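Encoded as structure tokens, the structure appears first; notes follow it.
Just so it is clear, the model here is predicted, and its values are computed rather than measured. Start at 1 and go down the list; that is how both ligands and their atoms are numbered.
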Amino acid sequence: MSEKPGAGLRFAIVGAGMAGILAAIKLKQRGEAFTVFEKTDRIGGTWRENRYPGLTCDVPAHAYTYSFEPYPEWQAYYATGPEIQTYFEMVVDKYGVRPAIRFGAEVSGIDWDDGQAEWTVTLATGERAVFDVVICASGVLHHPRMPEIPGLDSFAGPAFHTARWDDAAPIDGANVGLIGCGSTGVQIVTAIAARVNSLVHFQRSPQWIMPVPYFTYSEEERAAFRADPALIDAIRFSDEYIGNVRRFTDAITDIDGPQMKMIEDYCLQNLENSVRDPVLREKLRPNYRAACKRLIYSWSYYDAVQNPAVSVETGRIAAVEPGGVRMADGTFHPLDTLVLATGFQADRFIRPAGVTGAGGLTLDAFWARRPTAHYAITLPGFPNFFMLNGPTGPVGNFSLIDIAERQWDYIDQLVDVLRRGEGRAVAPTVAAHADYEERRIAAAKTTIFGSGCTSWYLDAEGVPASWPWSYDAFDDAMRQPKFEEYAVLA
Ligand code: NA7
């Protein structure tokens with residue numbers, strides 16, 4: 001484990017996904033001492049873990065890319081999961097951070113020592129090491145949420161969550177059941193509709209589907225990207241992407257405004273124009289506001305769902321039986337394979353690792369009511385502990401890489417306080433964070449996420465957990481921490 005290099009700071013990064021890789025690169029470029037702890041044997045986080053058919057990032061590929069490492073090789077406007085994994089593997093080697101990653105190193109505890117002003121990181125193996133700063137980059141959606149359906153364990157064939165894809169499960173020519181219609185379920189329908197004998201898509205709630213353009217890049221276009229990175233920037237900063245991000249965040253914060261009306265009209269027009277059968281059309285018609293659940297971007301779902309092999313089942317599931325799924329009205333769907341696209345526990349973050357901050361304050365206690373962090377990054381009582389893509393951040397329909405990079409700039413300025421020797425530890429004050437939370441919660445309740453639907457955006461009290469202000473407000477907040485909101489420990 002890393003030694004304390006003179007007066008230099010020792011950094012622990014938890015997680016080798018997109019955000020952990022970013023932190024590692026930034027610290028390596030500064031020549032600082034860091035160790036990345038990765039519980040599995042590969043980098044990639046979400047993109048390593050999810051391998052379901054149709055896995056695609058719904059942020060345009062050239063925008064879902066580190067700003068310092070544009071990638072001319074993307075095959076299409078939207079990248080697939082395997083392509084993104086390849087990109088991250090390339091970046092990790094190009095920037096030489098792989099040797100600093102400890103694979104198979106699951107962090108089970110992170111404990112602050114008030115006297116020494118340092119963190120002890122404990123691994124599941126019992127091994128311990130001491131650090132000055134912890135960067136928590138453990139992701140958001142990584143603990144599958146299994147549905148509570150009677151008899152689920154009795155299913156005779158393969159039944160598995162989408163984040164635990166079973167390659168041996170029959171799909172081609174098989175009778176497949178798919179529970180869940182979020183982004184994951186919709187992508188799977190589009191990918192397997194033409195492969196199955198039958199696909200029953202169990203839909204508890206209909207979804208808003210935003211039609212988006214899809215096109216591949218030719219070899220000539222990729223050659224042009226290689227020759228002139230300005231062409232990549234033109235996509236990255238295009239009105240099609242960044243303009244839409246701005247309009248989208250305007251819409252979610254001004255729910256009766258013109259931008260939201262445009263989104264709703266556009267999606268409904270897509271439904272009317274694309275789905276021919278009036279019965280199916282009504283099944284697919286959402287009964288809550290657009291973007292209340294995470295808006296689904298798809299160019300192909302309505303085509304796929306009209307494949308004769310696909311049926312949309314809107315009844316209530318009563319039980320899973322060994323041979324299939326029984327509905328409350330007695331209907332039985334015989335199935336070979338049952339896929340659970342039922343989402344994730346979005347309130348876990350670094351847990352189940354136990355984190356204990358100053359004065360013995362545990363993260364579980366601090367988060368007893370809801371997970372939160374000051375501007376989604378820092379926590380009062382947890383000095384020198386920084387989260388990337390932490391709670392209350394903007395997890396809407398725009399690039400989490402962009403978000404993490406801006407968050408890193410904010411973190412870097414707080415760490416500078418330590419680098420300059422102005423103190424040994426920095427954390428937000430209780431009062432500053434309480435003020436942030438009060439303003440955030442009041443604003444969150446008025447966003448579209450709080451307009452009356454269920455979703456993973458909502459905390460246990462039904463308050464939207466996502467950043468409730470505009471993209472520009474986020475950009476502004478990340479430019480410089482309000483240092484007066486922070487206490488520096490001498
Ligand atoms: P989501 O968006 O949380 O979607 C989960 C889906 O599963 C949603 O349609 C749920 O219906 C459905 N669900 C959950 N439990 C059940 C039960 N018990 N019975 C029937 N249906 C159920 O997860 P995804 O994996 O699709 O997407 C997660 C994020 O990953 C996505 O937003 C992107 O950011 C990438 P409900 O709507 O609750 O009625």
- Item | Contact list for residues 317-326, test side-chain hydrogen bond (donor to acceptor under 3.5 Å, both in side chains), sequence neighbours left out |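 For residues 317-326: Glu321-Arg326.
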- Message: Between Tyr64 and Trp47, is the ring centroid distance below 6.0 Å?
- Response: yes
- Message: Would you say the rings of Phe474 and Tyr375 are close, in the sense that their centroids are separated by under 6.0 Å?
- Response: no
- Task: Would you please write out the protein residues whose heavy atoms approach any atom of ligand 1 to under 4.0 angstrom, listed by chain and number?
- Result: Leu141, Arg145, Pro147, Ile179, Gly180, Cys181, Gly182, Ser183, Thr184, Arg204, Ser205, Lys293, Arg294, Ala341, Thr342, Gly343, Phe344, Thr454, Trp456
- Can you find a side-chain donor-acceptor pair between Asn270 and Ser274 that sits under 3.5 Å? yes
- Item | Sidechain N-carboxylate O distance under 4.0 Å for Arg236, Asp402 |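 Between Asp402 and Arg236 there is no salt bridge, as every charged N stays at least 4.0 Å from the carboxylate O atoms.
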- Query: Is the closest side-chain heavy-atom distance between Lys26 and Phe68 below 4.5 Å?
  - Reply: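 The answer is yes, as the side chains (C-beta and beyond) meet within the 4.5 Å cut-off.
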